[in-house]
Amino acid sequence: MDRFEIEGSAPLHGNVRPSGNKNEALPALMACLLTDQEIVFRRMPRIRDVETVVEILRELGAKAEWSNDGESLTICASSVDAAKTNRQLCQKVRASVLLIGPLLARVGRAAIPLPGGDVIGARRIDTHVDGLRALGASIHFDDGLHAAAKKLVGADIYLDEPSVTATENLLIASVLADGTTTLYNAASEPHVVGLCRLLSAMGAKIDGIGTNRLTVHGVSKLSGCEHTIGPDFMETGSFLCLAAASKSKLTIKDVIADDLRFPLRVFQRLGISAELSASDSSPQSSSASSSSSSDLCDLIVDGTQPMKMATDMTGRTATIYSGPWPAFPTDLMSVAITAATQTEGTMIFFEKMFEGRMFFTDKLISMGANIVLCDPHRAVVNGPSPLIGAHMSSPDVRAGMALLIAATVAKGRSTIENVYQIDRGYHAIDKKLEALGAKIKRISP
Ligand code: EPU
């Protein structure tokens, strides 16, 4: 497996452009199974998880072709054979659970291996199963998850938690169902909105997009379309934390302001100053209200300014906690913790969603960070602390990025093994960092 060798503390500056949002791309690819017509994607991130899902679709009978620009992908599932579901490939990506909805809708049956436990914690699929059963699917478990339905029928579904992929699975399953489906307590992350936009462009009738109550009026057929995947706001947040931790000024190009307004409020509490700019000449403060929802703009992060973590109004140590949208995304917790190690003050980080996401902090501690891991969900970070290079392995995609940021900031050389984990979610991250001035090499065995 590839590893990164990083010579830390190199000055960084310049522009960087995030790829398309991984967590929009994966369900969007699965939604291609709903139609026999062609779907053309722009800004499709050519990351490992996407390549794996494309391979799964090919095995099922779909045609997939990347364009020369490496960001456009055309998928055509003119025929689908559910019996060709590749178990080994499915076991590589948790998003394979998203095959159930489209296969049920298109061919009336689906069988996948049970998605395993993840290093970030146990992840239940009860919300998916309850919702699909409410739509009329029969589901049983043995060597995996087996689902069948002659015809899905719309229903009122109260999700027991606003699960991102369960909402997506149920949306994809219900767009071709008979009658109306209402999803209550639905997830509303930008990637869920992106999936709704794609399904609407294919001819689906969805009301309440962007809210936690989605109403789907079933249609009999969907068609092909073109769809641009939104910029990955987790990657944007990662570059923002890189700028802050490395005391650099970076411009993150082609982002969507509305995806960032809530996370930016939290980053402000870490003392990180960032401005959204509609164009180079008309900067707009990150706390100002939005003029446009989905127009692309730039985010300028000035890590050269002094950064101080906020306290509560009474002066007590403050807490940053993760939660379903619009709360702070769990997928930004790891990079935020790394940024906090380079910021003055104290902050409690409370990871409410996953019980395994905080364990990577032991690696930051070994680099010199002053962090107390209180329990699997909470860590107290005292900053700033100088970091020194270390030999590390990447436990999951987001922790991997957080360690990469730490290595870029640290004094001396770091090695990060198991780069596969970072490649799952960040396209050509070594090239992007190199273009900003980082001294990073990818070593292949
Ligand atoms: N959860 C709560 N409270 C809630 C909602 C969820 O505690 O109100 C817990 C769940 O019980 C579960 C965890 O949070 O343990 C995640 O829940 P969810 O079902 O929403 O996660 P998911 O759909 O399996 C997607 C992303 C993850 C991201 C989560 C949360 C995809 C393909 N995956 O997973 O992405 O962390 O939503 O936003 O979209 C990543 O990109 O690194 C990643 C892990």
Side-chain angles (χ1 to χ4, degrees), residues 18-31 45 47-50 52-53 56 90 92-101 112 114-131 158-172 183-195 212 229-230 232-238 259 262-263 321-336 350-358 360 376-377 394-403 420-427 429:
S19 302
N21 181 346
K22 163 173 93 73
N23 290 344
E24 179 181 340
L26 301 175
L29 286 168
M30 299 301 194
I47 48 176
R48 284 218 179 216
D49 276 9
V50 162
T52 306
V53 170
I56 291 172
C90 285
K92 283 191 183 178
V93 278
R94 262 199 73 86
S96 57
V97 71
L98 289 168
L99 275 176
I100 303 278
I112 57 159
L114 277 183
D118 212 307
V119 282
I120 55 176
R123 289 162 78 179
R124 58 202 287 278
I125 54 164
D126 307 45
T127 316
H128 298 245
V129 171
D130 291 350
Y158 294 80
L159 278 70
D160 64 354
E161 59 180 22
S163 163
V164 169
T165 48
T167 301
E168 293 164 348
N169 230 346
L170 297 174
L171 273 168
I172 295 173
L183 303 179
Y184 297 89
N185 195 24
S188 59
E189 272 73 359
H191 21 284
V192 179
V193 173
L195 173 68
N212 67 353
I229 304 286
D232 194 327
F233 64 106
M234 305 308 171
E235 193 177 344
T236 302
S238 303
D259 295 355
F262 286 108
Y321 57 86
S322 61
W325 189 262
F328 191 63
T330 167
D331 294 338
L332 286 174
M333 276 305 235
S334 312
V335 290
F350 188 176
E351 167 50 45
K352 291 193 176 180
M353 301 176 80
F354 293 112
E355 64 274 17
R357 186 148 252 176
M358 292 289 200
F360 86 102
H377 289 277
S394 164
D396 69 82
V397 52
R398 306 299 171 191
M401 187 65 207
L403 295 176
Y420 167 85
Q421 281 290 355
I422 306 177
D423 290 337
R424 280 184 46 218
Y426 293 87
H427 175 62
I429 191 67

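In this text, all values refer to a predicted model and were calculated from it rather than measured experimentally. Both counts, for ligands and for their atoms, begin at 1 and track the order of listing.
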Open item on the list: Distance alone, cut at 3.5 Å: any donor-acceptor contact between the side chains of Tyr426 and Arg48?
Closed with: no
- [ ] Compare Leu98, Val164, Asp396 and give the one whose heavy atom is closest to atom 38 (O) of ligand 1.
- [x] Val164
Task: Minimum non-hydrogen distance to atom 15 (O) of ligand 1, winning option of Gln421, Met353, Lys352 - done: Met353
Open item on the list: Polar contacts were defined as any N/O atom of the residue lying under 3.5 Å from an N/O atom of the ligand; does this apply to Asn23 and ligand 1?
Closed with: yes
Open item on the list: Geometry only, no angles: is Ala166 polar-contacting ligand 1 at N/O separations under 3.5 Å?
Closed with: no
Open item on the list: Could you work out, for atom 41 (O) of ligand 1, the closest of Glu189, Arg398, Met234 by heavy-atom distance?
Closed with: Arg398
Open item on the list: Could you tell me, atom by atom, which parts of ligand 1 come under 4.0 Å of a heavy atom of Thr330?
Closed with: 30 (C), 36 (O), 38 (O)
Open item on the list: So if I count the atoms of ligand 1 from 1 in the order they appear, which ones are less than 4.0 Å from some heavy atom of Asp331?
Closed with: 27 (C), 28 (C), 35 (O), 36 (O), 40 (C), 41 (O), 42 (O), 43 (C), 44 (C)
Open item on the list: In this structure, is the centre-to-centre distance between the rings of Phe233 and His191 below 6.0 Å?
Closed with: yes
Task: Parallel, tilted or perpendicular, as decided by the 30° and 60° cut-offs, for the rings of Phe262 and Trp325 - done: perpendicular
Open item on the list: Counting only heavy atoms closer than 4.0 Å, does ligand 1 sit against the backbone of Glu161, its side chain, both, or neither?
Closed with: side chain
Open item on the list: Going by side chain to side chain contact (heavy atoms under 4.5 Å, CB included), name the residues that satisfy it together with Asp49, two or more places apart in sequence or in a different chain.
Closed with: Lys22, Leu26, Val93, Arg424
Task: Atom CZ of Phe350: over 12 foreign heavy atoms under 6.0 Å - done: yes
Open item on the list: When you measure from the heavy atoms of Pro162 to every atom of ligand 1, does any distance fall below 4.0 Å?
Closed with: yes
- [ ] Could you verify whether a donor N or O on one side chain and an acceptor N or O on the other, from Ser19 and Asp232, lie under 3.5 Å apart?
- [x] no
TODO: Pull out every atom of ligand 1 sitting under 4.0 Å from any heavy atom of Lys22, numbered as shown with elements.
DONE: 40 (C), 41 (O)
Task: Close-contact set for ligand 1 against Val397 heavy atoms, below 4.0 Å - done: 42 (O)
Open item on the list: Which label fits Tyr184 and Tyr158: parallel for a plane angle under 30°, tilted from 30 to 60°, or perpendicular past 60°?
Closed with: parallel
Open item on the list: Against ligand 1, does Pro324 come closer than 4.0 Å with any heavy atom?
Closed with: yes
Task: Ser163 N/O under 3.5 Å from ligand 1 N/O - done: yes
Task: Enumerated ligand 1 atoms positioned under 4.0 Å from heavy atoms of Phe354 - done: 13 (C), 16 (C), 36 (O)
Open item on the list: I need the atoms of ligand 1 closer than 4.0 Å to a non-hydrogen atom of Arg357, numbered in the order shown.
Closed with: 36 (O), 42 (O), 44 (C)
TODO: Identify, with sequence neighbours excluded, every residue that meets salt bridge (charged side-chain N to carboxylate O under 4.0 Å, His left out) alongside Glu161.
DONE: Arg124
TODO: Determine the minimum heavy-atom distance between Ser96 and Met30, stating which atoms define it.
DONE: CA-CE, 4.1 Å
Open item on the list: As an exercise, identify every atom of ligand 1 less than 4.0 angstrom from a heavy atom of Thr165.
Closed with: 22 (P), 23 (O), 24 (O), 31 (C), 32 (C), 39 (O)
TODO: Please step through side-chain contact (heavy atoms from CB on, under 4.5 Å) for the pair Leu171 and Leu195, ending with a clear verdict.
DONE: CA-CA 9 Å; Leu171 273 168; Leu195 173 68; 4.2 Å; yes
